[in-house]
Amino acid sequence: MSTPTGSAWLAGSGSRLAKYNFFKRVNWGRVSVFSVPTLWLAVFFFIPFLVVFKISLSETAIAIPPYTALLDWNAEDALISLKLNLGNYLFLFEDTFYLDAYLSSVKIAAVSTFFTLLIAFPIAYQMARSQPATRALLLSLVILPFWTSFLLRVYAWMGFLKKNGLVNEFLMGAGIIDQPLIMLQTDFAVYIGIVYTYLPFMVLPLYSALEKMDMTLLEAAEDLGARPVTSFFLITVPLAVPGIIAGCVLVFIPAVGEFVIPALLGGSDTLMIGRVLWDEFFLNRDWPMASAVAIVMLIVLVLPIMLIRNNQGKEESV
Amino acid sequence: MKRRSLFLNTTASMGFIFLYAPMIALVVYSFNKSKLVTVWGGWSLKWYGELFRNEQIIDAALLSFKIAFISASVAVVLGTMAGFVLSRFTRSRGKMLLSGWISAPLVMPEVITGLSLLLLFVAMESAFGWPAGRGTSTIIIAHVTFCMAYVAVIVQSRLSQMDETLEEAAMDLGAKPSSLFFLVTLPLIMPAIISGWLLSFTLSLDDLVIASFVSGPGNSTLPMVIFSKVRLGVSPEVNALATLMIAVVAIGVTAAMWQMRRQAKMLEKQP
């Protein structure tokens with residue numbers, strides 16, 4: 001598909017000849033295929049971050065929109081004044097509330113990712129080892145929740161975990177407890193919610209890694225006298241590492257910024273940064289502060305993940 | 001491996017029970033006669049009737065379907081273009097830029113995407129008077145932006161797995177670039193485009209966070225209505241709605257599996 005036409009910038013060959021007959025040589029079909037999605041992302045994805053950064057440096061005001069302008073044009077004195085307010089960022093670092101929220105989001109996401117892995121591994125392994133017909137059935141059982149509404153799956157746990165919900169009824173009926181446990185609106189419910197909703201994201205990459213595994217390796221290990229536990233940790237787990245990494249990334253990243261799960265299942269003391277940002281915006285109407293929280297979140301949590309991903313992508317393509 | 005491990009079987013079954021128990025409970029309790037969601041009062045279709053009489057939910061559902069349909073259709077066109085650039089264009093600075101930007105919405109927390117788009121719309125409105133107020137169109141723009149990233153990834157992986165000789169043959173036979181794309185490449189990547197459309201439709205229909213930021217007053221989508229109802233506690237109408245949605249997805253997944261098995265069998269029959 002490498003035709004010699006195309007703009008010099010796109011083809012990466014900046015030869016003078018290519019520029020010479022620019023309008024004749026440019027393949028406008030090719031240029032528009034490139035520029036339409038790129039321009040869309042520039043306007044609706046990249047520029048918005050610059051706007052967020054700008055607003056994070058302004059002050060709240062009782063106005064529409066509720067923040068002050070950075071540049072002020074005074075017509076009388078022909079004076080442009082630029083006012084940058086770093087107060088939002090200073091406040092972020094002074095008040096330990098925000099730092100706690102960042103740390104607690106990372107902790108909750110990391111612990112839930114670990115438990116998701118623990119629960120997903122047997123499912124993926126069982127799928128990879130079963131007969132093709134069973135395998136298709138199990139695969140569709142994993143995919144079904146994946147296509148079902150995320151919000152409704154979180155909601156399903158509200159009815160399950162509440163004080164007179166099914167889990168308490170069951171435990172009391174079985175005589176394990178005599179007082180209903182308070183599970184809804186606790187951190188415990190948030191962990192369950194994250195593990196539950198993100199389980200398919202962990203199972204699918206694990207399955208695709210385990211499916212490629214050569215089962216005769218395990219037979220060979222068994223013939224050589226390895227116990228099942230030994231061969232599991234020395235053969236199966238190392239071969240599943242690409243799937244484990246992919247699954248953990250797919251669960252951890254959205255879990256860190258999660259809003260719906262802590263809002264519905266968590267208590268008022270469940271600190272997660274996505275919820276802090278939401279409250280700052282919708283309850284306090286403090287747009288500049290919400291923007292500052294978003295910028296710090298972007299730098300501290302999202303950029304490292306994107307850099308790691310890009311590096312992995314480069315290594316793979318090499 | 002003939003020997004079945006009891007441990008593996010037990011843990012895997014428990015995993016599937018964990019995955020399905022809440023959903024089954026939701027479905028069963030949607031047929032509950034009693035208003036108290038956890039007390040069983042006998043079978044009834046009462047809550048389905050209530051659901052279809054609830055104008056707020058019906059209006060929100062229609063709005064959500066409209067938004068999801070338009071967003072998925074636009075996202076498929078833009079995402080296919082981006083996927084095509086990523087897999088077929090030669091390495092260049094422009095391509096590196098696009099590949100960086102296209103993967104970013106996939107890892108961006110929804111609260112940040114929602115906030116940044118809202119602030120952009122507000123800034124644009126005060127600068128050029130467009131978009132005047134927020135509503136359906138701003139939600140569609142936001143949904144297209146994150147859905148096109150998913151479509152691009154799916155189309156790109158399909159294009160890179162594809163046999164390029166068919167396209168080369170068409171070029172050797174003198175096909176113009178446009179007819180090459182529409183007559184050869186497009187039919188070959190159709191499965192990826194269809195699954196990209198379905199995924200975008202589902203993601204758009206399900207989005208609460210981004211829509212809450214960029215929607216205006218009087219433009220509540222279905223997830224927004226569900227969220228405000230559910231926040232106050234469990235509601236039997238929402239159980240009925242959830243059951244209907246689970247039923248549609250179950251039919252869809254079963255049909256897709258059946259189709260895949262039929263195709264696999266046809267491939268086996270071929271010599």
Side-chain angles (χ1 to χ4, degrees), chain A residues 1-2 9-12 29 33-34 36-38 40-41 44-49 51-52 55 65 119 122-123 125-126 129 136 140-141 143-145 147-152 155-160 164-166 199 215 218 253 257 259-260 264 274 277-278 281 290 294 297-298 302 305-306, chain B residues 1 5 8 11-12 15-16 18-19 22-23 25-26 29 37-38 78 81-82 84-85 88-94 97-98 101-102 104-105 107-112 115-117 119-120 122-123 141 145 148 177-178 202 206 208-209 223 226-227 230 234 238 242 245-246 249-250 253 257 261:
Chain A
M1 276 299 285
S2 58
W9 190 59
L10 271 179
V33 165
F34 168 78
V36 172
T38 310
W40 181 285
L41 285 171
F44 296 116
F45 191 76
F46 183 70
I47 294 177
F49 290 116
V51 178
V52 174
I55 290 169
I119 296 176
I123 297 180
Y125 197 37
Q126 177 80 310
R129 282 176 40 152
S140 52
L141 280 178
I143 288 174
L144 184 93
W147 289 91
T148 319
S149 165
F150 175 84
L151 181 61
L152 290 175
Y155 164 72
W157 278 97
M158 289 178 69
F160 226 49
N164 49 0
L166 279 173
L199 195 60
M215 290 295 174
L218 291 180
I253 295 171
F259 164 74
V260 177
L264 288 182
L277 196 158
W278 177 285
F281 184 84
M297 192 170 163
L298 200 65
V302 181
I305 291 166
M306 281 174 63
Chain B
M1 294 312 287
S5 153
L8 178 64
T11 45
F16 278 107
F18 174 68
L19 209 50
M23 278 160 74
L26 200 69
Y29 274 95
V37 188
T38 43
L78 292 174
M81 288 169 128
F84 198 79
V85 171
R88 290 295 157 83
F89 277 31
T90 41
R91 219 178 144 84
S92 66
R93 250 180 301 170
L97 184 76
L98 180 64
W101 278 353
I102 199 91
V107 297
M108 197 58 66
E110 288 173 320
V111 280
I112 297 189
L115 176 75
S116 64
L117 273 169
L119 297 180
L120 174 83
V122 170
I141 290 174
T145 308
M148 69 184 272
S178 59
T202 321
D206 200 21
L208 165 75
V209 175
I226 296 175
F227 184 70
V230 153
V234 179
V238 176
M245 287 175 112
I246 292 171
V249 173
V253 169
M257 282 290 157
R261 270 177 74 170

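Here is how names work: the chains are called A, B, and so on, in the same order as the sequence lines, proteins then strands, and each is numbered from 1. Since we're looking at a predicted model, the values are computed, not measured. Worth knowing before you read on, the calculation uses all heavy atoms, side chains too, and leaves out hydrogens, waters and symmetry mates.
Here the CD1-CG distance, from I112(B) to L277(A), works out to 7.0 Å after rounding to the nearest 0.5 Å. How far CE of M81(B) is from OG1 of T38(A): 9.5 Å, rounded to the nearest 0.5 Å. Separation of atoms CG (L26(B)) and CZ (F160(A)) is listed at 10.0 Å; rounding is to 0.5 Å. In this structure, CZ on F44(A) lies 4.0 Å from CD1 on I141(B), to the nearest 0.5 angstrom. Going from atom OG1 of T202(B) over to atom CH2 of W147(A) covers 4.5 Å, rounded to the nearest 0.5 Å.
Contacts of M23(B) with chain A are made by both backbone and side-chain atoms, with heavy-atom separations under 4.5 Å. Both the backbone and the side chain of T11(B) come within less than 4.5 Å of a heavy atom of chain A. Using a 4.5 Å cut-off between heavy atoms, V253(B) touches chain A through its side chain atoms alone. Heavy-atom distances place the side chain of F46(A), and not its backbone, under 4.5 Å from chain B. Looking at V122(B), the atoms closer than 4.5 Å to chain A (heavy atoms on both sides) all sit in the side chain, from C-beta outward. Proximity to chain B involves both the backbone and the side chain of I123(A), based on heavy atoms less than 4.5 angstrom apart. When heavy atoms are compared at a cutoff of 4.5 Å, W40(A) approaches chain B solely by way of its side chain, counted from C-beta outward.
Contact count versus chain A (heavy atoms, under 4.5 Å) is highest, among V85(B), I246(B), L119(B), for L119(B). The greatest number of non-hydrogen atom pairs below 4.5 Å with chain B, out of I47(A), V52(A), L141(A), is found for L141(A). Ranked by non-hydrogen atom pairs under 4.5 Å with chain B, the options V260(A), I119(A), I143(A), L264(A) are led by L264(A). Comparing A12(B), P22(B), P223(B), P109(B) by heavy-atom pairs within less than 4.5 Å of chain A, the highest count is held by P22(B). When each of G274(A), A294(A), S140(A) is checked for heavy-atom pairs under 4.5 Å with chain B, S140(A) comes out on top. Contacts with chain B were tallied for L298(A), L144(A), I253(A), V51(A); L144(A) has the most, counting heavy-atom pairs under 4.5 Å.
Contact detail for P48(A) and S116(B): the closest heavy-atom pair is CB-O, 3.5 Å. Across all their heavy atoms, P145(A) and L19(B) have their closest contact at CG-CG, 4.0 Å. The shortest non-hydrogen separation linking L8(B) to P122(A) is CD1-O, 3.7 Å.
Relative orientation of the F259(A) and F227(B) rings is tilted, given thresholds of 30° and 60° on the angle between their planes.
Residues F18(B) and L199(A) are in side-chain contact: their nearest non-hydrogen atoms beyond the backbone lie under 4.5 Å apart. At a threshold of 4.5 Å between non-hydrogen side-chain atoms, the residues I102(B) and P37(A) do not count as touching. When side chains are defined from C-beta on, F49(A) counts as touching M108(B), because their heavy atoms get closer than 4.5 Å. Using a 4.5 Å heavy-atom cutoff, the side chains of I226(B) and Y155(A) are not in contact.
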Q: Please lay out, stage by stage, how V209(B) and W278(A) fare under the test side-chain contact (heavy atoms from CB on, under 4.5 Å).
A: CA-CA 9 Å; V209(B) 175; W278(A) 177 285; 4.1 Å; yes
